[in-house]
Amino acid sequence: MNTPRQELEARVAQAVQKLFPPAPPAPYVRPCPDPRHGDFQTNVALVQAKEAKANPRDLAAKLAEALEIDDVSEKPEIAGPGFLNFRLKPIYLAEQVARRGKDDRLGVPVAAKPEAIVIDYSSPNIAKEMHVGHLRSTVLGDALARIHCFLGHKVIADNHIGDWGTGFGMILFGFKREGDAEKLRHDPFGHLEAIYRKIQAEAKTDEAINEAAKRELVLLQQGDAENRKLWEQFLKYSLDALEVIYQKLGVQFDYTLGESFYNNALPEVVAELVQRGLARESEGAIAIFSDGTLPPKEDPFLVSEKGEFRNNPLLIRKSDGGYNYATTDLATIRYRHEHFHAQRVIYVVDGRQQMHFRQLFDAARRWGYGDMKLEHVWFGTILGPDKKPIKTREGGDVKLKALVAEAEDRAEKIIEEKRPELSETERLRLARVVGLGALKYADLAQNRNLDYVFNWEKLLAFDGNTAPYVQNAYVRIRAIFRKAGLEEAPEASVILAEPTELALGRKLLDFGDSVQLAADEYRPHYLCLYLFDLATLFHKFYEACPVLTAEAAVRDSRLVLGDVTARTLRQGLHLLGIDVVEQM
Ligand code: ARG
């Protein structure tokens, strides 16, 4: 099933093919910037006129003549220098809404070319408490996984946890000295992080401790039984603790292949890169340098300093023989290519790692993985009321666990006030759906590249672009059905007559475009915005148009309209990892 935009695009393509063969690159239909002028517009006459050195308004008139579009839109209008504006016919809108009433996909087309896509997200370091920054990667990555999956791609969700590296020398040393098995079990991240920080501080002033930590690391890397066993315990308890949070958030991974998984492959990866001339020795270390193929300004292996470019190499082996974050990432690219046949890899990682990924992607291209689409989907920082990275009152990182708990607590208080009659179990269940939904939505509704100020009151508000607002529109529709004693909508034709009916019906048909846009740009906030608009139009319709008291044909049509709206809201929220409730 085409969205109206796709339908118009297909019709325009036919006309263009007839008028100017061979057809120019895909005709482009987009929403009208000003809805007073129409629903959609195309600039294809302008593009074609430039090519043919013709008058664009004349070409637009010819195109309008050649278009077979009667069943979809009114006669297109020529506007400005040569745009064609389209206004969808109410009869087409009504028909299309009715079709979505019978469609499980609610008019969202399946990808023409499904791809194998690895999504690398969440990916915390296990010896550090999960904090608020991990919320963004986890929630964004989960939404992108759901969206691409729904579009028919084969999604491989991979949690690339940081479970290896030099830090473990310090942790092993510290744990042997003062580790507490009980604490490790109950709060692995907190305990390991505390140990790590303490030893790190001590090692700065005490060379003996520094040396001892290094020895522990070497022992671990050589496979020493005791150290290996301890490390496995660190890993196990950390993974258990992670699972608790993921379950609460409703996030699932297909794989958790952490850095340690690639450890054995690293020497060989470095050897191959050296042998192929991609990497070379430099001051005892091994690094990848610029190959000079990119303009210096775009070359991630060069940085400009006082007007001059100097090398900005990517280290893949340290002078002490240890390997780097980048080495593991290179081994990971190879693995994802060979084992998952990944055509695309999406890394949902903090914006502060942009340079790392630019270098990594260029190194991978030179290594021969140029056919894989590698995307760094980066995000900004969550800020506190002072517009600085959010901190606890004591000045520490805001722990993800605490944030999730607070979301539920706050939602519970609000629900208790609104619905004192609910049982405790019901109230807690609602609090989870509303609280966690609000927390996730607040993050997803932001343009991910921007920093945003975190605000509990705003994100839990029942009006505005929030999860509770969208969930509430769903609840309202379900209430109508309950009142009517109906499970689902009746078989009925759709009549769109009132302005609010037309506006709502019209919006429903754009669901597919909004999901596609969120996928194409890796920006779920487009989907949030769509759901917010849809909920708003529903509320307007609800104020203006009685449903159950209308005469039979109108009533049934409005029930269909309500049903398609409810299912679209539910499906849209589901793609964001957010649930709905039947009452709230
Ligand atoms: N563990 C890293 C961190 O916490 C993120 C890893 C992202 N994924 C990757 N393949 N580099 O910063």
Side-chain angles (χ1 to χ4, degrees), residues 117-142 144-145 155-168 171 188-190 192-193 196-197 234-235 238-239 241-242 245-246 251 253-263 265-266 269 288 300 314-316 323-340 342 344-365 367 369 372-382 389 397-401 448 522:
I117 305 177
V118 170
I119 308 188
D120 177 325
Y121 62 103
S122 197
S123 308
N125 297 329
I126 68 160
K128 258 189 118 196
E129 188 77 58
M130 286 255 270
H131 58 81
V132 59
H134 291 110
L135 180 71
R136 296 207 88 174
S137 176
T138 307
V139 166
L140 260 169
D142 180 52
L144 292 173
V155 169
I156 299 129
D158 186 9
N159 192 359
H160 188 80
I161 55 171
D163 58 356
W164 198 252
T166 45
F168 283 96
I171 294 169
F189 286 89
L192 294 176
E193 177 167 0
Y196 177 69
R197 283 189 195 279
F234 300 160
L235 188 60
S238 301
L239 288 176
L242 273 180
I245 290 216
Y246 290 145
V251 173
F253 294 92
D254 301 306
Y255 295 91
T256 298
L257 300 178
E259 295 183 17
S260 67
F261 178 78
Y262 300 97
N263 190 45
L266 305 184
V269 166
I288 299 177
L314 179 66
L315 279 182
I316 57 169
Y323 297 97
N324 300 74
Y325 183 50
T327 329
T328 306
D329 262 331
L330 284 164
T332 307
I333 289 177
R334 184 175 73 176
Y335 184 86
R336 287 171 175 167
H337 175 77
E338 285 173 1
H339 292 263
F340 298 137
R344 220 196 296 178
V345 184
I346 300 171
Y347 297 82
V348 188
V349 184
D350 195 307
R352 280 166 291 198
Q353 294 193 29
Q354 283 177 83
M355 182 50 93
H356 167 74
F357 284 108
R358 285 180 57 210
Q359 293 189 313
L360 180 69
F361 296 170
D362 197 54
R365 174 187 65 79
W367 194 15
Y369 296 100
M372 262 165 110
K373 231 193 282 164
L374 304 174
E375 309 266 13
H376 180 199
V377 170
W378 64 269
F379 50 82
T381 308
I382 305 182
D397 281 340
V398 176
K399 294 177 182 169
L400 186 51
K401 245 189 337 209
R448 61 178 163 78
Y522 308 115

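We count residues from 1, following the sequence as given. Read the numbers this way: they start at 1 and go in the same order the structure lists the ligands and their atoms.
- Under the 4.0 Å criterion applied to side-chain N and carboxylate O atoms, Asp397 and Lys128 are not assigned as salt-bridge partners.
- Between the side chain of His376 and the main chain of Val349, a donor-acceptor pair closer than 3.5 Å is present.
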Practice item. Decide yes or no on side-chain contact (heavy atoms from CB on, under 4.5 Å) for Tyr347 and Gln353, but give the supporting numbers first. Key: CA-CA 10 Å; Tyr347 297 82; Gln353 294 193 29; over 6 Å; no
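- Residues that satisfy the side chain to side chain contact (heavy atoms under 4.5 Å, CB included) test with Tyr262, not counting sequence neighbours, are Asp158, His160, Leu257, Thr328, Ala331, Thr332, Tyr335.
- The heavy-atom pair separating Leu374 from Ile333 by the smallest distance is CD1-CD1, 4.0 Å.
- For the 3.5 Å distance criterion, the side chains of Asn159 and Tyr246 qualify, holding a donor opposite an acceptor.
- Around ligand 1, the residues contributing at least one heavy atom under 4.0 Å from the ligand are Asp120, Ser123, Asn125, His160, Tyr325, Asp329, Tyr347, Val349, Gln353, Phe357.
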